[in-house]
Amino acid sequence: MSALQILAADGVSGSLGSIGYGLAAIGPGVGVGIIFGNGTQALARQPEAAGLIRANQILGFAFCEALALIGLVMPFVYGT
């Protein structure tokens with residue numbers, strides 16, 4: 001018996017919630033990359049504004065991660 005048949009016999013199954021979270025994690029990942037990439041460019045152009053830029057980066061990062069956490073919780077809430 002092949003490994004694939006053994007896995008199929010054991011009942012490997014995915015739910016729509018886990019697939020949905022996998023897709024939902026793409027957005028915050030891209031958002032965090034954009035935030036820190038543009039923040040690095042902004043720091044290189046205006047080093048004197050480092051405090052303001054860093055504060056805005058952290059705020060944007062927090063919002064992106066909140067979206068990821070909401071995406072993680074929703075499959076459990078709806079039970080799919």
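FYI, the numbering just counts along the sequence from 1. Values reported hereafter were calculated over all heavy atoms of this structure, with side chains retained and with hydrogens, waters and symmetry mates removed.
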Using residues 45-61 as the side-chain source, report each donor-acceptor pair under 3.5 Å to any protein atom, sequence neighbours left out, with the distance given to one decimal.
{"from": "N56", "atom 1": "ND2", "to": "L52", "atom 2": "O", "distance (Å)": "3.4"}

Counterpart residues, ring-ring contact (aromatic ring centres under 6.0 Å, His included), relative to F63 (two or more places apart):
none
In short, C64 meets P28 closest at the heavy-atom pair O-CB, 3.4 Å
Quick one: do L67 and I35 end up in the same hydrophobic cluster if we chain Ile, Leu, Val, Met, Phe, Trp and Tyr together by side-chain heavy atoms under 4.5 Å apart?
no
